[in-house]
Amino acid sequence: MSRQKQKTLSKPLMKKRFMVTEGETISQCVERMKSEGYMPVRRMEKPLFRETATGPECIGSQCVFEGKWIRRKGEQ
C-alpha cells in the first residue's frame, strides 16, 4: 500500500453522522459519539412516512446527529 493511502486510512473523518438506533437513548448516542472521538454539533429530525390508501402518513421521526472530530493533544 502506498504512503498516501496509509495516511488517508489512518486519518478520521472530520464530520460523521450518527443515527439514534432503535432502543437507544439520545444520551447513549452522544456517549457513543464521544467514545469515537466526535463532538455533536448538529441535531436533525427526519420524518418517517408510510404509504396508505389515503396517502402518505407520518409514523414517527428519526434523530440524526452530525459530529465533528475532536483533535486531541499531540494529534495533527
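All figures in this text were calculated on a predicted structure; none of them were measured in a lab. Just so you know, these numbers use all the heavy atoms, side chains as well, and skip hydrogens, waters and symmetry mates.
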What heavy-atom pair brings Met33 and Pro40 nearest, and what distance separates the two atoms? CE-CA, 3.5 Å
List the steps, then state whether side-chain contact (heavy atoms from CB on, under 4.5 Å) holds for Ile26 with Phe65. CA-CA 9 Å; Ile26 290 174; Phe65 284 98; 3.5 Å; yes
Compare every heavy atom of Glu45 with every heavy atom of Ser61, then report the nearest pair and how far apart it is. OG-OE1, 3.1 Å
State plainly whether one hydrophobic cluster holds both Ile59 and Phe49, where clusters connect Ile, Leu, Val, Met, Phe, Trp and Tyr through side-chain heavy atoms under 4.5 angstrom apart. no
Considering all heavy atoms, the nearest Arg32-Met19 contact: NH2-O, 2.9 Å
Given the rule in the side-chain contact (heavy atoms from CB on, under 4.5 Å) test, do Met44 and Arg17 qualify, once you have shown the distances and angles that lead to the verdict? CA-CA 10 Å; Met44 298 168 278; Arg17 289 192 176 174; 4.0 Å; yes
Kindly indicate whether the side chain of Val64, heavy atoms from C-beta on, has any atom under 4.5 Å from the side chain of Lys46. yes
Here the pair of heavy atoms bringing Pro56 nearest to Glu51 is N-OE2, 4.0 Å
Spacing of Phe18 atom CZ and Arg43 atom CZ [to the nearest 0.5 Å]: 15.5 Å
Nearest-0.5 Å distance, CD of residue Glu57 to CG of residue Leu48: 12.0 Å
CD/Glu66 to CE/Met39 distance, rounded to the nearest 0.5 angstrom? 11.0 Å
Should the pair Glu36-Lys16 be classified as a salt bridge under the 4.0 Å nitrogen-to-oxygen rule? yes
Minimum heavy-atom separation for Tyr38 to Met14, with atom names? CE2-O, 4.2 Å
